[in-house]
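The block underneath contains the structure these notes are about, expressed in structure tokens.
Quantities reported herein were computed from a predicted structural model and do not represent experimental measurements. Chain A is the first sequence line, chain B the second, and so forth, proteins listed ahead of strands; every chain is numbered from 1.
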Number of protein chains: 2
Amino acid sequence: MSQVRLPPIQTTARDDAVLAALAGFVQQEGLKPGDKLPTERILAERLKVSRNTVREALTRWEGLGLVERLQGSGTFLKAAVSPHMLHMPLTLAGGNDFASLMQTLEVRRALEAEAVALCAVRTGPQELSFIQRKLEVMEEAFHSRAGMSSEEDWEFHQAIYRASGNPLFEQLIAAMHEMFHRFWEHPLGVRDFGHASFPYHRTIYERIAARDAEGARAEALKLIATVEADLRRGEAARNQARHA
Amino acid sequence: MSQVRLPPIQTTARDDAVLAALAGFVQQEGLKPGDKLPTERILAERLKVSRNTVREALTRWEGLGLVERLQGSGTFLKAAVSPHMLHMPLTLAGGNDFASLMQTLEVRRALEAEAVALCAVRTGPQELSFIQRKLEVMEEAFHSRAGMSSEEDWEFHQAIYRASGNPLFEQLIAAMHEMFHRFWEHPLGVRDFGHASFPYHRTIYERIAARDAEGARAEALKLIATVEADLRRGEAARNQARHA
DNA sequence: ACCATGCAATTGGTTGGACCATTGATCCAT
DNA sequence: ATGGATCAATGGTCCAACCAATTGCATGGT
């Protein structure tokens with residue numbers, strides 16, 4: 001690495017200064033996600049900068065998902081924020097075709113298997129009961145709504161990722177989830193999608209509760225396999241329809 | 001899913017509209033990274049919006065690393081941009097370098113194991129010989145420079161991800177790699193870092209060449225384990241020094 | 001008392017215009 | 001031809017006003 005890291009001195013970095021100050025304020029004030037932070041006008045006045053500058057800074061935080069702005073209401077913290085944090089913007093070029101869907105699923109398989117295993121090792125009793133509650137909600141929704149439980153399903157998985165002790169898993173799989181749903185908006189011909197995966201949610205939970213990391217990983221892999229099979233089944237049906 | 005996907009009509013989404021229009025422009029014009037895009041003033045005029053609005057939109061892209069703004073010079077494309085892409089800013093709560101490094105490493109373990117296994121199944125003879133060449137370059141660099149071969153090391157791994165047939169793996173692990181190196185800038189006490197992982201590069205290659213997916217996965221896990229051990233060793237030494 | 005309607009203050013979103021700071025090219029004197 | 005000064009282009013900041021959505025309060029009807 002011959003290129004010594006000498007960033008050119010920045011005589012003008014008001015945005016960063018604003019964000020740094022705001023991060024310090026948040027920490028000092030002990031603000032948590034959901035709390036409201038000061039008005040743009042107040043920030044501008046206090047920091048002795050233009051409201052425009054404040055807005056550009058907040059726009060950056062909004063883009064990073066750290067903050068949510070509601071017109072007429074205020075700006076609210078959306079995630080924990082600390083003075084020293086690292087942002088790694090990731091842009092994925094996802095297509096809306098079968099191949100892209102399979103690719104996101106492959107990544108999900110890799111991440112989910114590891115997250116579930118970590119969860120089995122690390123989760124505490126409190127998080128475990130939280131996961132259990134999500135599981136029960138999901139199972140009830142499944143039975144009462146004849147298999148449509150994708151929202152509760154997702155919350156169950158999220159609870160697991162959160163209990164893995166590594167926030168990166170939650171963020172990455174959320175990205176995969178969103179890519180998946182780009183395609184999912186308009187139902188794509190696979191009826192009863194997700195039915196086959198249903199029983200594995202409980203088996204995964206049981207393996208986690210038993211602290212059986214490898215068992216949990218195996219069950220997660222089975223779950224992903226059923227989703228993959230559903231996907232292939234739908235694709236085959238679609239190809240057949242097209243050739244008819 | 002009781003919550004039907006009905007996004008509230010947005011009477012005000014000028015920023016997004018600007019970015020959508022700009023993304024379309026970039027694609028239509030065939031602009032590539034490094035190219036300069038229109039002036040803020042021109043964009044404001046053409047899109048019939050205020051320059052401030054254009055600026056807020058570009059600020060979002062800048063925050064996502066898609067664009068670079070140089071005062072006095074212009075705004076330049078920094079990454080490929082297409083109308084349909086997913087932005088997922090990853091945020092790592094800093095403050096504790098060691099914890100952050102371990103978190104990126106856990107994700108890398110999940111992804112690398114799967115990528116290596118997929119590679120063993122899918123790679124063709126041409127990609128295989130490419131990987132072999134990267135391996136030999138890396139081994140020579142290792143021997144001639146007394147263990148410093150991080151650049152060639154990385155290229156070897158990249159070749160494998162590329163041969164996995166799933167571009168998402170390459171993008172995601174590249175993100176992990178960059179995060180890892182953000183902390184790595186200032187060497188943090190672990191001398192001979194990476195020495196222990198050296199032999200596993202060849203064993204991974206051999207398992208891939210033998211089309212042994214599970215064997216390759218096992219070797220990759222061993223490699224990650226050595227890196228993790230190095231990391232823990234350095235952390236322990238640092239803690240000891242602090243308590244002295 | 002209770003509830004609904006509507007007014008008014010608050011707050012983020014947008015606009016237009018001005019000026020500053022940096023960059024890069026152009027032009028001029030040597 | 002070279003070196004330096006000048007100037008236009010461009011992003012960065014500021015200001016003051018207005019628009020649009022939200023919220024809460026006050027007023028009035030039941």
Which nucleotide in C:dT15, D:dC14, C:dG13 has an atom nearest any side-chain atom of A:R51: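 Closest nucleotide to the A:R51 side chain: C:dG13.
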B:D153 CG to B:M138 CE distance, which is reported to the nearest 0.5 Å: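 Here the interatomic distance stands at 4.5 Å.
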CH2 on B:W61 to CG on B:L77, rounded to 0.5 Å: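 One finds 7.0 Å between CG of B:L77 and CH2 of B:W61.
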Donor/acceptor link under 3.5 angstrom from A:N52 side chain onto base of D:dG12: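 Donor-acceptor pair under 3.5 Å: no.
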Length of the [atom1]-[atom2] vector between [X] and [N], whole Å:
{"X": "B:K48", "N": "C:dT14", "atom1": "NZ", "atom2": "P", "result": "18 Å"}
{"X": "A:D15", "N": "D:dG12", "atom1": "CG", "atom2": "P", "result": "8 Å"}
{"X": "B:L47", "N": "C:dT14", "atom1": "CG", "atom2": "C1'", "result": "14 Å"}
{"X": "A:R69", "N": "D:dT22", "atom1": "CZ", "atom2": "P", "result": "16 Å"}
{"X": "A:R14", "N": "D:dG11", "atom1": "CZ", "atom2": "C1'", "result": "14 Å"}
{"X": "B:L19", "N": "C:dG13", "atom1": "CG", "atom2": "P", "result": "14 Å"}
{"X": "B:L43", "N": "C:dG16", "atom1": "CG", "atom2": "P", "result": "15 Å"}
{"X": "A:R55", "N": "D:dA16", "atom1": "CZ", "atom2": "P", "result": "18 Å"}

Closest heavy-atom pair and its distance - A:C119, A:I131: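 Smallest heavy-atom distance, with atoms named: SG-CD1, 3.9 Å.
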Answer with yes or no whether the side chains of [Y] and [X] bring together a donor and an acceptor at under 3.5 Å.
{"X": "A:E56", "Y": "B:T59", "answer": "yes"}
{"X": "B:Q171", "Y": "B:Y161", "answer": "no"}
{"X": "A:H157", "Y": "A:H177", "answer": "no"}

Report, one pair per line, the protein and nucleotides 4-11 of chain C atoms (nitrogen or oxygen only) whose separation is under 3.5 Å.
unit_1	atom_1	unit_2	atom_2	d
C:dT11	O2	A:G72	N	3.3

